[in-house]
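These values consider heavy atoms only, across backbone and side chains, with no hydrogens, waters or symmetry-generated copies. Counting starts at 1 for both ligands and their atoms, following the listed order. All residue numbers refer to positions in the sequence shown, counting from 1.
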Amino acid sequence: MTIRTTCPYCGVGCGVAVIDGMMRGDPAHPANFGRLCSKGVALKETLELPDRLTKPMMHGREASWNQALDFIAKEFARIRGMHGPDSIAFYVSGQFLTEDYYVANKLMKGFIGSGNIDTNSRLCMSSSVAGHVRAFGEDVVPGCYEDLEEADLVIQVGSNMAWCHPVLYQRLMASREKRGTKIITIDPRRTATAETADLHLPLAAGTDVLLFNGLLVHLVETDAVDRRWIGAHVSGFEEALAIARREAPSVDAVAEAVGVAASDVRRFYDLFARTERVVTLYSQGVNQSVSGTDKVNAILNCHLASGRIGRAGMGPFSLTGQPNAMGGREVGGLANQLAAHMTFAPDDIDRVRRFWNAPSIATRPGHKAVDLFEAIAEGRVKAVWIAATNPADSMPRAGRVRDVLARCPLVVVSDAWPTDTTALADVVLPAASWGEKEGTVTNSERCISRQRAFRLPPGSARPDWWMFAEVACRMGWQKEFSYGGVADIFREHAALSAFENDGQRIFDIGALADLDDAAYSTFLPVQWPCPRPGRGRSGARLFARGGFPTPDGRARMHPLATRAGEVLDDYPLTLNTGRVRDQWHTMTRTGRVPHLMTHITGPRLTMHPRDAARRGIEDGGLAQVESLHGGTILRVSVDDAMRPGNVFVPMHWTDQFSSSGPIDRLVHAVTDTVSGQPDLKGTQVKVAAVSESWSGFLLRRGAGDLALGETVHWSKAPLTAGFAFELSGWTPLAELVDSEEALRRLLRLSEAAELISYSDPKKSVFRYAGLAGGRLEACVFFAAPRTAFPEAGQAARLLGQALEPGARLSLLAGLEPGAVQTGKVICTCFSVEEAAICSAIRSEKLTTPAEIGTMLRAGTNCGSCIPELKKLLARHATQLPAVA
Ligand code: SF4
């Protein structure tokens, strides 16, 4: 039997077909037509991960669902009664299904009576929401994925889509092969996406508004604006142009201000001006900024001024980060929205109040994410329910968020796995996860797809909507929250979208309000708007003929000036945080899949060679990074893909995976004043070299604490048979290996286990291995000074294996002569290592990624490694002797 569901990771929203327990991309899904990226391919491996939360816990003790839910309902009622509705808050997630979101939002805004529900989507795309609302009157993405395939020019702004939206990126690459689409990447980093672009503009961080203001001026000066369209459908053109002219009087002035060659800026502007079919894609590099909303509107201004919107192959296109950030926006999961794209305007409040039969409905917005944790810190919020998200690692100033939660009188956390946030909870509720729950999600192109259950949740885990509905019933609102299942919730959500909506609100899915349970169960992906017949517009593309949902039907161009970010003289570098290819958020799923940890094995700080040299930092060395809010030690990758003055650190690693901890501990809590989105890419930091006196690797069957103290840097990655730790330290190695007891603790060996060793103190080489029943339980290799350990991969293959005397000697001798060396995995889908690719390039004289694919399969599935294959080919091309 085939069960069609949707991938739970990014906003591309790929369909997944589960056939008798096997998984593959769903060829019938309109987002991916059968493709999956490395994360999607590995979904099956995340189903049986250990450590699931399976029972409710109260104050560290197991509880029944009745005990936990009664306690929460009673405490919420007590706190609401004593301190008012705004003393309670929910912080939820773009991982929620729409039905989870709907019930949580209805409970908080309709019945508890506060606007205090916000979501981690605030950190991801709330600037796009605010930009859409300012320009169009409603949060609407005007285009669809096919536009990428029908465009002649695609501009990617602040978006590393090769890694973050890989399947959509591959659709773009495939169409480029056919129609010769020109691609421009605008990003301070030369990302994998930029590597394949026709033109890369490595602009100075935070100068996007100025760059697009310059484009607006250029469009006017080259007569590339559509004055008829503007006259009919747009307001604010003259005001926006006036300020753009002041900001960006000439191409040369723009080039100097954004730090890019004038010839490249001119080429970008000319290409935009003379190409009719232009799509501008943007994501977190635009959104996560103090001026995120302005950046969005600067892009929208250029599309509105040129009339390039809503027609095939043209328009601005915001790529959402999470699988259901869009669904959250639809139900009103952000604190400044009410429900179903309605606001806190009096008419909307009245309409939703009547629909929900909710006399205590909230009448004003609640706290946005960063302010929400401040409100907890100040005691204004006394109870918080955090669901399907991990703010102890992902919020800016994460250390402070932990302190705040530790002091909050009541913290409820629902999640599927233990996290640094569940560790701070008074009540932990076990949540059903992907594959165990039913509902819907909406992807970046407004396409609603089903997530379907194909296995039972472990223990007594339950879906989130059920928990919120149960608490609501126990607080006295049984009639309004007694849902028979998710189909009931979806029908109500769809009906609300259509309620008293005669086309004023574009978000209208009234045609889905009458689906019976069977139709809900089988419904195929559908793009909104999809109103009841004759009640409003529908279509994959919107606004080609204007008709914006504003009082006068016109879109608004906004006058925009560049706003300076934080400048701190003692912190001269700008810290950019973001995603890597094979990881997802705080790694609660992907960090436990061994082969997803083989591409990038630990947290790295990437910096430009000039910045590194100035500080005496070597590639692969350690560095101390400090902001005003905290510091950490990270291993450094020196890479000229970085713009000088900028450093990059992935957002994923937490205290559970590395001594570096979450980088968000260092990130400032400055937000965009319009959207409230945190500036996650603009923290000022300083970086200094740390000299390590030794390095090593540890392999062992169990994870557990290392308890090595603060003078040892470590990161952890799962193996098929255990865990691998990279280690290095800056106190004498002898202190670490001075007793058998300490070594046994490190290796987690029992008294009965056999400890064997090899030491050469003169060369500062120490190797220890522990065996139980003749099988390798653990081993640790140390060397001083810092060294690489190519033998770590070989040793990892021995973990858990029975070792004959010869194999033991071989292990302690360092490596097995002639054994296959392992290294970085480039293609995660087919586990193809860099060494194998380089060897094939050399021996077979391969010159294209397609040839590598034919030979090794690398790059033939999701294709997100193709930029790296090209890099390897280029590296070898420069090394090959010239052909006479
Ligand atoms: S691109 Fe990858 S992570 Fe995103 S939805 Fe598709 S398979 Fe999932």
Could you check Arg581 against Cys865 for side chain to side chain contact (heavy atoms under 4.5 Å, CB included), going step by step and ending with a plain yes or no? CA-CA 9 Å; Arg581 195 186 73 190; Cys865 63; 3.3 Å; yes
Sorted by chain and residue number, which protein N/O/S atoms are under 2.8 Å from atom 4 (Fe) of ligand 1?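 Those protein N, O or S atoms (cut-off: under 2.8 Å from atom 4 (Fe) of ligand 1) are Cys10 SG.
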Any donor-acceptor pair under 3.5 Å linking the side-chain atoms of [Y] with those of [X]?
| X | Y | value |
| --- | --- | --- |
| Ser126 | Gln677 | yes |
| Asp639 | Thr606 | no |
| Glu330 | Thr98 | no |

For a salt bridge (charged side-chain N to carboxylate O under 4.0 Å, His left out) check, start with the C-alpha distance between Lys870 and Glu195, then their side-chain angles and the critical distance, and finish with the verdict. CA-CA 8 Å; Lys870 286 186 173 169; Glu195 293 278 358; over 6 Å; no
Kindly assign one of parallel, tilted or perpendicular to the pair His341 and Phe507, based on the angle between their ring planes and the thresholds 30° and 60°.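 Rings of His341 and Phe507: tilted, 30 to 60°.
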